[in-house]
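Keep in mind the model is a prediction, meaning the values are calculated, not measured. Chain identifiers are assigned alphabetically (A, B, ...) following the order of the sequence lines, protein sequences preceding nucleic acid strands; residue numbering begins at 1 within each chain.
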There are 2 protein chains.
Amino acid sequence: MKQDTEKIIIEAACKVFYEKGYNGTTMRDIAQTAGVNLALLHYYFRTKDKIFEIVFSDAFTSLFKKISQALTSDADIFEKIKLIITGYVQTAQKHPQLPGFVMHEMAVNSQLMLPIIMKYKEQNHVVNLFDNFYVEIEEAGKKGIIKKINPESLCTDILSLSFFPFMAKNYLTELIYKDKKTFNLMVKQRIEHITNSIISNIIV
Amino acid sequence: MKQDTEKIIIEAACKVFYEKGYNGTTMRDIAQTAGVNLALLHYYFRTKDKIFEIVFSDAFTSLFKKISQALTSDADIFEKIKLIITGYVQTAQKHPQLPGFVMHEMAVNSQLMLPIIMKYKEQNHVVNLFDNFYVEIEEAGKKGIIKKINPESLCTDILSLSFFPFMAKNYLTELIYKDKKTFNLMVKQRIEHITNSIISNIIV
DNA sequence: GTCTATAGCGGGATAGAC
DNA sequence: GTCTATCCCGCTATAGAC
């Protein structure tokens, strides 16, 4: 049962870590959620930190996979932007707690996160990926295909509009939305909404 | 020294809670940061939860104060939006960890937060405030002063663009920005940037 | 591989001296 | 009001039986 148990534990760990964060999660939580004994977690993964490393690394990767596909595709600049937005929002729709999990751990436990990210960046040539996209944006600006904009600001805006609603769900449903139904409607229309507002801000 | 000590403790608690979140913070942390004895925290505030309640309540209020002023002013719709954006971003510039703190605690420790927020909402007539603003947006849409837009989506976008960059500072500086200098430059230009992109999306 | 039992430590909270 | 000392619980981690 080795493979199965390992997988069950990681899936349980995902669930609990996403929900409560690193500091709010106990090994007992994970064991109970997985339906296995506490000692087993240590048998398979030795420490809480090792489990967390796997969970965080997977989370980080899944936030990155789609954007990476989008950036390396040979679509034009508008299509690329659409792909990025779609990738981000779909990932968040599928795993609503994922963006908040990643952002919070990077803010609060950065000493634990940075080595993981460094490793990831080296293996996946992250820098080049973005550099090429930035050059593309700048050249499209010079050629008059789009407005002259700051590519980093563009990425910041896309990420903000894509992730924040999921990270702030409880805040928004308390203060901005009349009820959860209205919130969920917004989430469904989010890809189209963001795409329109980003595109309309860069067309000449 | 009663007044002073109380204040010193709360200020230290703010600093530590903002940095590490509720679950990552210990009473010993707060005591050390405040430069006072551990027992004193319990003498003044009895429990960790009571201290947290004060800190969270203040944080929540400071996110709300400026928007409240903006919404009750007699400025026109464009000016109001500018005021809201300015209020949010300035608050975040002054206390960069505040948005992340509030959003994360609401996501993770909602059972502790909701009673605090309920209390706040009742005392400050929060619902009416937003209702009036929503009506204003809708009427401006009907009159052709602005596009017909969903007021809740507008608020979501403003909040997203205003808060997310601060919540995701480490993520952005690792993946999107070449260095911290570029990130800080973006932060400085944020109010103008957001205002322009929000306004250009609602003008007819 | 999976369990029980427990070591060892760090956390919130309190008693009681000053 | 402020301190030291301490209780007691829950946490991570491990030893050892099966």
- request: Calculate the interatomic distance between I9(A) atom CD1 and dC3(C) atom C1'; express it in whole Å.
  value: 13 Å
Nucleotides 10-12 of chain D: which of its N/O atoms have a protein N/O under 3.5 Å away?
| residue | atom | partner | partner atom | Å |
| --- | --- | --- | --- | --- |
| dT12(D) | OP1 | M27(A) | N | 3.2 |
| dT12(D) | OP2 | M27(A) | N | 2.7 |

field: Interatomic distance, L41(A) CG vs dA13(D) C1' [rounded to whole Å]
entry: 11 Å
message: Expressed as a whole number of angstroms, how long is the span from N23(B):CG to dG12(C):C1'?
response: 14 Å
statement: The residue among I191(B), L185(B), V187(B) that forms side chain to side chain contact (heavy atoms under 4.5 Å, CB included) with Q189(B) is L185(B)
field: Whole-Å gap separating P (dG12(C)) and CZ (F45(B))
entry: 15 Å
query: Y43(A) side chain N/O closer than 4.0 Å to the phosphate oxygens (OP1, OP2) of dC3(C)?
result: no
- prompt: Could you state the CG-C1' distance from N37(B) to dA17(C), rounded to the nearest angstrom?
  reply: 13 Å
- prompt: Under 4.0 Å between a side-chain N/O of T5(A) and OP1 or OP2 of dT2(C), yes or no?
  reply: yes
- prompt: Would you call K121(B) and E174(A) a salt bridge, using N to O less than 4.0 angstrom?
  reply: yes
message: What's the closest nucleotide to the side chain of A39(B) if the choices are dT14(C), dT2(C), dT4(C)?
response: dT14(C)
message: Whole angstroms only, please: what is the CG-C1' distance between L40(B) and dT4(D)?
response: 12 Å
query: Should the pair K48(A) and Y22(A) be classed as cation-pi, given the thresholds of under 6.0 Å to the six-membered ring centre and 45° from the axis?
result: yes
message: Does K15(A) form a salt bridge (Lys or Arg N to Asp or Glu O under 4.0 Å) with E11(A)? I'd like the steps, not just the answer.
response: CA-CA 6 Å; K15(A) 190 167 142 52; E11(A) 271 164 15; over 6 Å; no
Identify all side-chain donor-acceptor contacts of residues 157-168 of chain A below 3.5 Å with residues at least two apart in sequence or on another chain.
| residue | atom | partner | partner atom | Å |
| --- | --- | --- | --- | --- |
| D157(A) | OD1 | R190(B) | NH1 | 3.0 |
| D157(A) | OD1 | R190(B) | NH2 | 2.9 |
| D157(A) | OD1 | H193(B) | NE2 | 3.4 |
| D157(A) | OD2 | H193(B) | NE2 | 2.6 |
| S160(A) | OG | T156(A) | O | 2.6 |
| S162(A) | OG | I158(A) | O | 2.7 |

- prompt: Looking at F60(B), F101(B), F45(B), which one forms a ring pair (Phe, Tyr, Trp, His ring centres under 6.0 Å) with F52(B)?
  reply: F101(B)
